[in-house]
There are 2 protein chains.
Amino acid sequence: MILSQTAEYALRAVLAIAREADGKAVGAARIAEELGIPANYLSKTLHQLARAGILESARGKLGGFRLARAGDRITLLEVVGEFDDIRGKRSCLLGRTTCSDHTPCVAHHRWKAVAEKQAAFFRDTTVADLLRAG
Amino acid sequence: MILSQTAEYALRAVLAIAREADGKAVGAARIAEELGIPANYLSKTLHQLARAGILESARGKLGGFRLARAGDRITLLEVVGEFDDIRGKRSCLLGRTTCSDHTPCVAHHRWKAVAEKQAAFFRDTTVADLLRAG
DNA sequence: CCATATTATCATGGGCATATGATATTAGAG
DNA sequence: CTCTAATATCATATGCCCATGATAATATGG
């Protein structure tokens, strides 16, 4: 898996919430069932997304989760980055902490092109982009 | 980390062994110290690479590990794939088991280009390629 | 044969991601 | 005010990756 289980859950859940036509709040339980994700586990994940300012949460009846912003202003990096370290240590294939254009490891130049392509995908793709695609 | 700790150890160790000028066997202990990797742990990892036909091992005095083939005939996919699932489930960003051009998830088309680039890197880059680069 | 260096293997434990279960808190509806 | 549905939080379990330690098996050199 390229993403951790938790990050994958988060992304799928955000997409499901974003699909809600009128921005109505969606219950965590419904999303969990719809996506086949452990309900209690998803609950924590959604809460974390809310604290990160990606979702808004409301308690009580009629409560649930909704996007905190329009889908075209939420990048995949924001969602996934909350759980996985997309940038940072991911940079060097051989795990060196000091690996740059100036002090490259033997894989640096070849790997850089791939890593940059991947980073750009998460940085530039928005939730809305994916909804349009589906 | 893009690679598991074990796969990263394996790759770094294979590169170190490949650097040995005349294909002389290198002791696991020496590599472990040289790379700062737990010796006992690396031992098992190297053994696994030997069973996979990537390294050759010899016991006793003058024993150690050496490449089983020339470095330009060992791809990174062979080394890393022994420990991490590079292809397979890695294909779908959203974790679907059935995700293809015919039955795509919403991320499929955008993600495919990135994933293919990464797959090509591991498939087409050889140990010798990296040694030349360093 | 014996001593020694090295890989091969087994047994065990720690830590983290993942998951489950139970309870507390909050807010709407009648 | 009370009931209920939903999020928020705490406590606990589990499985795997990573790591450590100890022992067995094997081969070389004297």
Side-chain angles (χ1 to χ4, degrees), chain A residues 1-14 16-17 20 24-68 80-86 89 95, chain B residues 1-14 16-17 20 24-68 80 82-85 89 95:
Chain A
M1 254 175 309
I2 194 75
L3 297 179
S4 71
Q5 189 64 264
T6 307
E8 183 197 300
Y9 287 167
L11 182 53
R12 288 169 59 199
V14 165
I17 292 170
E20 204 63 14
K24 212 173 55 185
V26 194
R30 204 189 95 195
I31 302 175
E33 189 190 10
E34 189 178 315
L35 302 181
I37 297 176
N40 257 326
Y41 193 70
L42 180 64
S43 193
K44 254 187 302 190
T45 303
L46 293 179
H47 175 56
Q48 190 168 343
L49 287 170
R51 273 187 303 161
I54 294 166
L55 298 180
E56 278 178 356
S57 68
R59 297 210 246 199
K61 275 194 171 178
L62 302 189
F65 295 87
R66 77 189 75 205
L67 297 189
V80 163
E82 188 64 26
F83 307 95
D84 291 5
D85 183 19
I86 293 289
K89 301 177 70 179
Chain B
M1 250 174 312
I2 194 75
L3 297 179
S4 71
Q5 189 63 262
T6 307
E8 184 198 299
Y9 287 167
L11 181 54
R12 287 169 58 200
V14 166
I17 292 170
E20 204 64 15
K24 212 173 57 185
V26 194
R30 204 189 96 194
I31 302 176
E33 189 190 9
E34 188 177 316
L35 302 182
I37 297 176
N40 256 328
Y41 194 69
L42 180 63
S43 195
K44 253 188 301 190
T45 304
L46 293 180
H47 174 56
Q48 191 168 341
L49 288 171
R51 273 187 303 161
I54 295 167
L55 297 180
E56 278 178 355
S57 67
R59 297 208 247 201
K61 273 194 174 180
L62 302 190
F65 295 88
R66 77 189 76 205
L67 297 189
V80 164
E82 187 64 26
F83 306 95
D84 292 5
D85 183 18
K89 302 176 68 177

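Numbered from 1 within each chain, the chains take letters A, B, ... in sequence-line order.
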Item to check | Short side-chain to backbone donor-acceptor contact, A:D84 and A:S4, under 3.5 Å | outcome: yes

Checklist entry - So B:E34 and B:R12, salt bridge (Lys or Arg N to Asp or Glu O under 4.0 Å) or not? Walk me through it. => result CA-CA 10 Å; B:E34 188 177 316; B:R12 287 169 58 200; over 6 Å; no

Item to check | Spacing between A:R51 atom CZ and D:dA8 atom P, to the nearest angstrom | outcome: 10 Å

Checklist outcome for this item: Here the distance between atom P of C:dC16 and atom CG of A:D84, to the nearest Å, is 16 Å

Checklist entry - Does A:H47 place a side-chain N or O at less than 4.0 Å from the phosphate oxygens OP1/OP2 of D:dA8? => result yes

Checklist entry - When you check the phosphate oxygens OP1 and OP2 of C:dA8, does a side-chain N or O of B:S57 lie under 4.0 Å from one of them? => result yes

Checklist entry - With nearest nucleotides of DNA chain C determined for A:P38 and B:L62 from heavy-atom distances, which residue corresponds to the more 5′ nucleotide? => result B:L62

Item to check | First of A:R59 and A:T6 reached from the 5' end of DNA chain C, by closest nucleotide | outcome: A:T6

Item to check | Below 4.0 Å: OP1/OP2 of D:dA19 and any side-chain N or O of B:Y9 | outcome: yes

Checklist entry - Rounded to the Å, how far apart are B:E56 CD and C:dT7 C1'? => result 14 Å

Checklist entry - Rounding to a whole Å, what distance do you find between A:E8:CD and C:dA19:C1'? => result 15 Å

Checklist entry - Which part of the nucleic acid, if any, lies within contact of A:F83, taking any heavy atom under 4.0 Å across all strands shown: a base, the sugar-phosphate backbone alone, or nothing? => result nothing

Item to check | Separation between CZ of A:F65 and CG of A:L49, rounded to the nearest 0.5 Å | outcome: 8.5 Å

Item to check | Gap between atom CG of A:L42 and atom CD of A:E33 - 0.5 Å precision | outcome: 12.5 Å

Checklist outcome for this item: One should read off an interatomic distance between A:R30 CZ and A:I17 CD1, to the nearest 0.5 angstrom, of 9.5 Å

Item to check | Minimum-distance nucleotide (side-chain atoms of A:S4 versus C:dG28, D:dA8, C:dT18) | outcome: C:dT18

Next on the checklist: Measure CZ/B:F65 against C1'/C:dA5 and give the value in whole Å, please.
Outcome noted: 14 Å

Checklist outcome for this item: Taken to the nearest whole Å, CG/A:N40 to P/C:dA19 is 12 Å

Checklist entry - How long is the line joining OH of B:Y41 and P of C:dG13, in whole Å? => result 18 Å

Next on the checklist: What's A:A50 touching, base or sugar-phosphate or nothing? Going by heavy atoms closer than 4.0 Å.
Outcome noted: nothing

Checklist entry - How long is the line joining NZ of A:K44 and C1' of C:dA19, in whole Å? => result 8 Å

